[in-house]
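Along the sequence shown, residues carry numbers from 1. This is a predicted model, so every value here is computed, not measured.
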Amino acid sequence: QVQLVESGGGLVQPGGSLRLSCAAPLSIFGISGMGWFRQVPGKQRELVALITSSGGTTYGDSVKGRFTISRDNDKNTVYLQMHSLNPEDTAVYYCKARLRVGMKSGEYDYWGQGTQVTVSS
C-alpha cells in the first residue's frame with residue numbers, strides 16, 4: 001500500500017499564507033500527475049491544482065492567482081503554496097498522485113490522508 005504523507009495544514013488568519021507538502025515514497029517506480037483537492041462537509045471534493053511530470057499546471061478558478069503548485073521530482077514531493085487565504089478556503093486538503101509502484105505495475109491514483117486548513121480570525 002502506497003502512503004502519501006501530507007503536512008503543513010493548520011489555522012491561519014484571513015489574508016495569511018500556508019504551504020502544504022505531500023511526499024510519496026522514494027521506492028516507487030515513477031509518478032506522472034500530482035495534485036491537490038479539497039473538501040468541506042456536505043460538498044463534493046473539488047480540484048485545487050494539478051501538476052504534470054513536466055511541470056504543466058492547472059488551477060481551480062477560485063484559487064487562480066493566489067495558490068501555486070510545484071513539485072520536486074527528486075523527492076517525489078508536491079507543494080501547494082497558498083496566499084491571500086480567506087474563510088472560503090477552509091477545508092480538508094487532499095493530495096493525489098498518479099503513480100506506478102513498480103516497473104511492471106499499472107498506473108493508479110493514490111490519495112493522502114488529508115490535512116485541515118482553517119482560515120479564521
Side-chain angles (χ1 to χ4, degrees):
Q1 183 71 15
V2 174
Q3 185 174 6
L4 304 181
V5 179
E6 301 175 11
S7 60
L11 173 65
V12 63
Q13 291 187 339
S17 299
L18 277 177
R19 191 176 84 148
L20 306 182
S21 300
C22 171
L26 295 177
S27 59
I28 61 172
F29 180 74
I31 305 177
S32 54
M34 303 185 81
W36 293 93
F37 293 74
R38 66 187 182 186
Q39 190 170 23
V40 297
K43 292 189 177 181
Q44 286 189 328
R45 193 170 293 188
E46 67 169 350
L47 168 70
V48 176
L50 297 172
I51 186 166
T52 68
S53 56
S54 58
T57 58
T58 302
Y59 292 94
D61 288 340
S62 62
V63 306
K64 285 179 181 177
R66 300 187 298 122
F67 292 9
T68 302
I69 190 170
S70 61
R71 63 190 282 177
D72 184 334
N73 291 330
D74 291 336
K75 296 180 179 179
N76 284 354
T77 299
V78 63
Y79 305 96
L80 185 68
Q81 180 67 55
M82 304 183 290
H83 295 297
S84 301
L85 285 161
N86 58 63
E88 289 70 38
D89 295 314
T90 296
V92 178
Y93 284 69
Y94 295 92
C95 166
K96 188 179 88 167
R98 178 161 294 177
L99 57 87
R100 191 186 302 270
V101 175
M103 187 172 62
K104 295 183 178 181
S105 64
E107 199 171 55
Y108 299 99
D109 288 338
Y110 293 85
W111 291 87
Q113 78 282 3
T115 185
Q116 177 70 45
V117 172
T118 302
V119 184
S120 175
S121 55

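One distance of note links CD of Q81 with OG1 of T68; it measures 7.0 Å at 0.5 Å rounding.
In this structure the side chain of S53 reaches within 4.5 angstrom of the side chain of R71, judged on heavy atoms. Side-chain contact between S7 and T115 is absent, with no heavy atoms from C-beta onward closer than 4.5 Å. Contact of the P14 side chain with the N86 side chain is not registered, since no non-hydrogen atoms from C-beta on lie closer than 4.5 Å. In this structure, N76 and L99 have side chains that are not in contact, with every pair of non-hydrogen atoms separated by 4.5 Å or more.
Remark: the backbone N or O of S105 is paired with a side-chain donor or acceptor of R100 at under 3.5 angstrom. No donor-acceptor pair under 3.5 Å is formed between the side chain of Y110 and the backbone N or O of Q1. Side chain of T118 to backbone of T90: no donor-acceptor contact under 3.5 angstrom is found.
Between L4 and A24, the shortest heavy-atom contact is CD2-CB, 3.6 Å. Shortest non-hydrogen contact noted between P25 and V2 is CD-CG1, 3.8 Å.
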Please tabulate, for side-chain N and O atoms in residues 31-41, each donor-acceptor pair with protein atoms closer than 3.5 Å (sequence neighbours left out).
unit_1 : atom_1 : unit_2 : atom_2 : d
S32    : OG     : R98    : O      : 3.2
S32    : OG     : E107   : OE2    : 3.0
R38    : NE     : E46    : OE2    : 2.6
R38    : NH1    : D89    : OD1    : 2.9
R38    : NH1    : Y93    : OH     : 2.9
R38    : NH2    : E46    : OE2    : 3.2
R38    : NH2    : S62    : OG     : 3.1
Q39    : OE1    : R45    : NE     : 3.3
Q39    : OE1    : R45    : NH2    : 3.3
Q39    : NE2    : K43    : O      : 3.1

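Note on L47 and L80: separate hydrophobic clusters, where clusters join Ile, Leu, Val, Met, Phe, Trp and Tyr whose side-chain heavy atoms are under 4.5 Å apart, directly or indirectly. Criterion: ILVMFWY side-chain heavy atoms under 4.5 Å apart, direct or through other members. Under it, F67 and L50 are not part of a common hydrophobic cluster. Under a hydrophobic clustering in which Ile, Leu, Val, Met, Phe, Trp and Tyr are joined whenever their side-chain heavy atoms come within less than 4.5 Å, directly or via other members, W111 and Y79 fall into different clusters. I51 and Y94 are members of different hydrophobic clusters when ILVMFWY side chains are connected at heavy-atom separations under 4.5 Å.
The residue from I69, V78, V117 that alone fulfils the side-chain contact (heavy atoms from CB on, under 4.5 Å) condition with L20 is V117.
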